[in-house]
Engineer: 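My structure is below; once you've seen it, I'll send some questions.
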Amino acid sequence: MGDTPSSHDNGPVAEVTFEAGTTMDRLHRAGKIRIGTKFDQPGFGLAGPDGKPTGFDVEIGKIVAAELGIPAAGIEWVESTPKVREEYLGTGKVDIVVATYTITAERLERVDFAGPYYVAGQQITTRTSGNSVTGPKTFRLGTKKVCSSTGSTPAKNITTYLKDPAAQLVLFDVYTKCADALRAGQVDAVTTDNVILTGFVAQHPEDFKLVGARFTTEPYGIGLRKGDHRFRAFVNDVLETIAKDGRYAKAWTGTAGRYDPAMPEAPAVSRY
Ligand code: GLU
């Protein structure tokens with residue numbers, strides 16, 4: 001306790017008060033927040049043996065909690081796959097989602113986003129040997145299978161390169177299942193954001209490699225229940241603050257930065 005918003009630490013801010021009736025006040029008084037994140041993505045959100053996730057998204061989530069005066073122990077982490085993120089925000093199963101979550105016009109119809117706080121790009125991973133996929137255009141031949149996650153932007157984007165989507169696209173709820181399918185030879189490639197693939201390749205460099213360049217832009221936002229403008233403004237304020245005070249850089253260095261040491265520049269938040 002006793003940390004201030006300007007400290008480079010993720011401890012809760014000691015003395016914060018919020019206007020009655022706001023989401024900030026409700027969460028602050030409860031001393032608890034439910035944060036949706038990924039549980040299977042090294043560098044961004046990966047659950048450890050104790051069930052607690054670690055990663056860049058997890059650090060960003062902890063900072064938002066800290067700014068609400070909520071300690072890490074007050075966070076309930078909820079695994080939130082692409083298929084269920086909007087649903088979980090809509091039903092209130094989670095208060096926020098920090099989960100490699102691309103801001104898209106389609107999703108903005110159901111949820112709101114603070115941020116962006118990071119910009120990734122879609123890429124492709126193949127097996128290190130015996131594989132002739134060199135980039136998305138390889139799939140135009142119609143012979144190669146690719147795996148992605150149900151409800152994700154990469155699953156949608158890749159279909160424009162597929163001759164026969166029904167035969168070529170294999171979907172699972174989580175990317176680890178895609179990695180298993182790739183290792184087993186059931187698919188020829190996995191496609192999703194570069195940072196997610198980088199984590200898998202770093203963990204299994206003998207099995208997997210990245211091929212081709214990034215071919216989309218994926219601005220990551222913090223998913224929020226639709227219409228809560230005060231809360232969105234608050235989270236945007238937090239993102240702007242940590243981009244300047246060193247906490248953003250520290251969050252990166254200790255997590256995804258172990259796979260990609262190039263320090264990202266925090267993008268300007270969009271206050272729509
Ligand atoms: N950023 C992409 C998306 O939001 C892919 C990563 C993910 O599945 O979370 O769909």
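This structure is a prediction, so every number in the text was calculated from the model and none was measured. Order of appearance sets the numbers: ligands from 1, and atoms from 1 within every ligand. We use all heavy atoms of the structure for the numbers below, so side chains are in, but hydrogens, waters and symmetry mates are not.
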Engineer: Show which atoms of ligand 1 fall inside a sub-4.0 Å distance from at least one heavy-atom site of Ala99.
Structural biologist: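 This gives 9 (O) as the contact atoms.
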Engineer: What do we get for Asp193 next to ligand 1 when only non-hydrogen atoms under 4.0 Å count, side chain, backbone, both or neither?
Structural biologist: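 For Asp193, only side-chain atoms sit under 4.0 Å from ligand 1.
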Engineer: For Ser149, state whether at least one heavy atom is located under 4.0 Å from any atom of ligand 1.
Structural biologist: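 False for this residue.
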Engineer: What I want to check is whether the side chains of Tyr259 and Thr198 have a donor and an acceptor closer together than 3.5 Å.
Structural biologist: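 No.
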Engineer: Would you say Lys38's side chain and Phe44's backbone share a donor-acceptor pair under 3.5 angstrom?
Structural biologist: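 Here the side-chain-to-backbone pair does not exist.
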Engineer: Using a strict cut-off of 4.0 Å, indicate which atoms of ligand 1 neighbour a heavy atom of Ser152.
Structural biologist: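 What qualifies from ligand 1 is 8 (O), 10 (O).
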Engineer: Is the shortest distance from a heavy atom of Gln122 to ligand 1 less than 4.0 Å?
Structural biologist: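 Per 4.0 Å heavy-atom rule, Gln122 does not contact ligand 1.
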Engineer: Tell me which part of Arg107 gets within contact of ligand 1: side chain, backbone, both or neither, using heavy atoms under 4.0 Å.
Structural biologist: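 For Arg107, only side-chain atoms sit under 4.0 Å from ligand 1.
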Engineer: May I ask you to say whether Lys145 pairs ionically with Asp188, meaning some side-chain N is under 4.0 Å from a carboxylate O?
Structural biologist: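 Here Lys145 does not pair with Asp188 in a salt bridge, since their nearest N and O are not under 4.0 Å apart.
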Engineer: Just distances here: any N/O of Thr100 and N/O of ligand 1 closer than 3.5 Å?
Structural biologist: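 Between Thr100 and ligand 1, an N or O pair is found under 3.5 Å apart.
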Engineer: Does only the side chain of Ala120 get under 4.0 Å from ligand 1, or the backbone, or both, or neither? Count heavy atoms.
Structural biologist: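 The answer is neither.
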Engineer: Hey, which atoms in ligand 1 end up nearer than 4.0 Å to a heavy atom of Tyr101?
Structural biologist: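 That gives atoms 4 (O) of ligand 1.
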Engineer: Can a donor-acceptor pair be found, under 3.5 Å and without considering hydrogens, that links the side chain of Ser152 to the backbone of Pro82?
Structural biologist: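 It does not hold such a pair.
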Engineer: Give the numbers and elements of all ligand 1 atoms closer than 4.0 Å to a heavy atom of Tyr220.
Structural biologist: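 Within the 4.0 Å cut-off of Tyr220, ligand 1 contributes 1 (N).
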Engineer: Checking side chain to side chain contact (heavy atoms under 4.5 Å, CB included) between Lys144 and each of Val187, Val133, Leu162, which is the one that passes?
Structural biologist: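 Single side chain to side chain contact (heavy atoms under 4.5 Å, CB included) partner of Lys144 among Val187, Val133, Leu162: Val133.
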Engineer: Return the residue, atom name and 0.1 Å-rounded distance of the protein heavy atom closest to atom 7 (C) of ligand 1.
Structural biologist: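 Ranked first by proximity to atom 7 (C) of ligand 1 is Lys38 NZ, 3.1 Å.
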Engineer: With respect to Thr192, determine whether any N or O atom, backbone or side chain, lies less than 3.5 Å from an N or O atom of ligand 1.
Structural biologist: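 No - when backbone and side-chain N and O of Thr192 are compared with those of ligand 1, no distance drops under 3.5 Å.
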Engineer: Should we say atom CZ of Arg183 is surrounded by more than 12 heavy atoms from elsewhere, each under 6.0 Å from it?
Structural biologist: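 Correct, the count exceeds 12.
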Engineer: Considering Thr153, Thr37, Thr81, which one's heavy-atom position lies nearest to atom 2 (C) of ligand 1?
Structural biologist: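 The option holding the nearest heavy atom is Thr153.
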Engineer: List ligand 1 atoms under 4.0 Å from Ile196, heavy atoms only on the residue side.
Structural biologist: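 Heavy-atom distances to Ile196 below 4.0 Å select 6 (C).
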Engineer: Verify the distance criterion only: is there a donor paired with an acceptor across the side chains of Glu86 and Tyr101 at less than 3.5 Å?
Structural biologist: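 Yes.
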Engineer: Using only atom types and a distance under 3.5 Å, with no angle test, would you say the side chain of Asn194 pairs donor to acceptor with the backbone of Gln123?
Structural biologist: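 Such a contact is absent between Asn194 side chain and Gln123 backbone.
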Engineer: Taking both backbone and side-chain atoms of Arg85, is any N or O found less than 3.5 Å from an N or O belonging to ligand 1?
Structural biologist: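 N/O-N/O distance below 3.5 Å exists for this pair.
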Engineer: Taking side chain to side chain contact (heavy atoms under 4.5 Å, CB included) as the definition, give me every residue that meets it alongside Asn157, ordered by chain and number, with sequence neighbours left out.
Structural biologist: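 Asn157: side chain to side chain contact (heavy atoms under 4.5 Å, CB included) contacts with Gln122, Thr153, Thr216, Glu218.
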Engineer: Looking at residues at least two apart in the chain, or sitting in another chain, which of them share a side chain to side chain contact (heavy atoms under 4.5 Å, CB included) with Ala243?
Structural biologist: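 If we apply the side chain to side chain contact (heavy atoms under 4.5 Å, CB included) test to Ala243, skipping adjacent residues, the hits are Ala266.
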Engineer: Need the ligand 1 atom indices (1-based, order shown) with element for anything under 4.0 Å from a heavy-atom of Pro154.
Structural biologist: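 Counting atoms of ligand 1 from 1, those under 4.0 Å from Pro154 are 2 (C), 5 (C), 10 (O).
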Engineer: Pull out every atom of ligand 1 sitting under 4.0 Å from any heavy atom of Tyr175, numbered as shown with elements.
Structural biologist: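 Close to Tyr175: 5 (C), 6 (C), 7 (C), 8 (O).
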Engineer: Work out which heavy atom in Asp112 is nearest to a heavy atom in Tyr272; give both atom names and the distance.
Structural biologist: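 Where Asp112 meets Tyr272 most closely, the heavy atoms are OD1-OH, 2.7 Å.
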